[in-house]
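Some notes on the structure that comes next.
A quick note: this is a predicted structure, and the numbers were derived from the prediction, not measured. Heavy atoms only: backbone and side chains are in, while hydrogens, waters and symmetry mates are out. Labels below follow one simple rule: chain letters A, B, ... track the order of the sequence lines, proteins then strands, and each chain is numbered from 1.
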There are 2 protein chains.
Amino acid sequence: MQTVALATFLCYTLLGDLMRKSFNIQDFAKDLATHCSQTQIRKFKKDEVITTYLINRNQICILLSGEAYLVRYDSKGFKNIIDCFKTDDVFGEAFYRIHTNRELFVLAKTDCEVLFFSYAMQELCDKNCSFHETLVKSLPDLIFSRVIALNTRIELLSKRGIRDKLLSYFSILASQRIGNTFELPFSLTDLADYLIIDRAAMMREIKKLKEDKIIEKNGKKITLLCK
Amino acid sequence: MQTVALATFLCYTLLGDLMRKSFNIQDFAKDLATHCSQTQIRKFKKDEVITTYLINRNQICILLSGEAYLVRYDSKGFKNIIDCFKTDDVFGEAFYRIHTNRELFVLAKTDCEVLFFSYAMQELCDKNCSFHETLVKSLPDLIFSRVIALNTRIELLSKRGIRDKLLSYFSILASQRIGNTFELPFSLTDLADYLIIDRAAMMREIKKLKEDKIIEKNGKKITLLCK
DNA sequence: TAAAAAAAGTTGCTAAAGCAACAGAATTTA
DNA sequence: TAAATTCTGTTGCTTTAGCAACTTTTTTTA
């Protein structure tokens, strides 16, 4: 029964994914940078602010190298890590459509290289230029890559309780590689900010998960012992 | 200081929104239905399943009339209301990109009329047909309308504590109309499922909010007394 | 490489949220 | 319109998570 369900799931997954054309973000970025004068590439050092969403509207950014956080500080001063970007990820207000007056910051987690351009550009651009065509055709795929991340995050935050949040996140990380061992992409302090939970309570729960033989942990290397 | 911040915010908001072309979903739906044989319109009675995401991949649906819920049941059997669609909203797996084996259901909250078509369709379609062009041009706007909803939800779920979740949600509802009075779009039972909190605990918190003179409540009519 | 800063790991106490189990009101269905 | 069902409102008890305040370890930086 379990096996049939899994096979069915895999079948749909494969079919679904085959139907989706593969979109190469690096080719797209190269195309953009060489064909259009309205794009720019900038470099950032660790901890610098790459962009903010309230002020920089309609902006589309592609992370060419490095890692970055999308961060908000809530009314009580708590840091919330909303999203975590790695090389080839797309971000910018064009994909967030901010509607509150609480600013969102993109912070360089490591040294970064970022390509900037504007969503509104497709309107202003000469209709015969090849860039225009590329942009319009690629936009859905760019946005979809963000939509997947957003839905993943909603799924995480929908979990009741710290244990469920941790296990859900761990199984997402585990599913991205072969085997049940993976490396946490950020510090435990940041993990708590990402899951919107108290760090001390999280540590306590991780301890329990180890005691219950559900996970093994060596630094940032974690192994899921159950399925 | 407060006033300056608000004025600045409003200014950016207006500028941002002016730059965004207005997209009429009803015209789009009409265009689609009349120009393409691959689309279909179906009617549903209250509580019927409109579609599921795991099986119906790459599907795009437009709610022509009525209201619907996007629902998941978690591992403990809890009902989670992931999203709430009203007339003109766009949904379907094409916008969710399901990646777990937990099925998502779209349920008719009232009688509904829904337009169905496929995201993959743009690939198969004859390149000269006007529908193809319309679809490709409109897709980003269709998706953006979902992205806004997703981000709103993440903002809600990022709140620590029931009181914060309630107040955030209430202020979103209040901001959608003039004045501070609004009507809850669903029952209190469903509201708890939407905010992923215990209903009894939520009722207790609502009572406290009334006692603290932060809200007034008459049935589903709520007034925010503070800003 | 020594000092400083950040992250990891702990703990006791307190506050908040979940659960169960009701009763009464409102709504739906037969 | 009567019966059934769902929704609202409430409460006591229990479990969970948050907070504050530490120590120890690891990583940065001067």
Side chain Arg199(A) and base dG9(C) donor-acceptor under 3.5 Å: yes
Side chain of Ser187(B) - closest among dA20(C), dG9(C), dC7(D): dC7(D)
Selected nucleotide, minimal atom distance to Ala200(B) side chain, candidates dA17(D), dG18(C), dT11(D): dT11(D)
Phosphate contact (dT11(D) OP1 or OP2) by Lys207(B) side-chain N/O below 4.0 Å: yes
Among dA21(D), dA17(C), dC19(C), the nucleotide that comes nearest once only the side chain of Asp198(B) is considered: dC19(C)
Lys109(A) NZ - dA6(C) C1' separation (whole Å): 15 Å
Touch class at under 4.0 angstrom, heavy-atom based, for Phe78(B) against every strand present: sugar-phosphate
Thr189(B) side chain near dT6(D) phosphate (N/O to OP1/OP2, under 4.0 Å): no
Nucleotide nearest Ala201(B) when distance is taken to its side chain, options dG18(D), dG18(C), dT8(D): dG18(C)
Whole-Å gap separating C1' (dA16(C)) and CD1 (Ile196(A)): 18 Å
Closest to the Arg204(B) side chain, choosing from dG18(D), dA17(C), dA21(D): dA17(C)
Glu155(B) and Arg102(A) ion-paired at < 4.0 Å: no
Met202(A) CE - dG9(C) C1' separation (whole Å): 10 Å
Length of the CG-P vector between Asp164(B) and dA15(C), whole Å: 17 Å
Which residue lies more 5' along DNA chain D, comparing Lys210(B) with Lys76(A) via nearest heavy atoms: Lys210(B)
Salt-bridge criterion met for Arg146(B) and Asp83(B) (N-O under 4.0 Å): yes
Spacing of Arg160(B) atom CZ relative to dC19(D) atom C1', expressed in whole Å: 11 Å
Test of ring centre spacing under 6.0 Å for Tyr96(A) and Phe91(A): no
Atom-to-atom span, CG of Leu166(B) to P of dA16(C) - whole angstrom: 14 Å
Separation of dA26(C) C1' from Asn218(B) CG (nearest whole Å): 15 Å
Sole candidate of Lys79(A), Arg199(A), Lys220(A), Lys109(A) that passes salt bridge (charged side-chain N to carboxylate O under 4.0 Å, His left out) when paired with Asp190(A): Lys79(A)
Distance, rounded to the nearest Å, where Asp111(B) contributes CG and dT28(C) contributes P: 12 Å
OP1 or OP2 of dG9(D) under 4.0 Å from side-chain N/O of Lys217(B): yes
Test item: side-chain donor near acceptor, Thr51(B) and Asn56(B), under 3.5 Å: yes
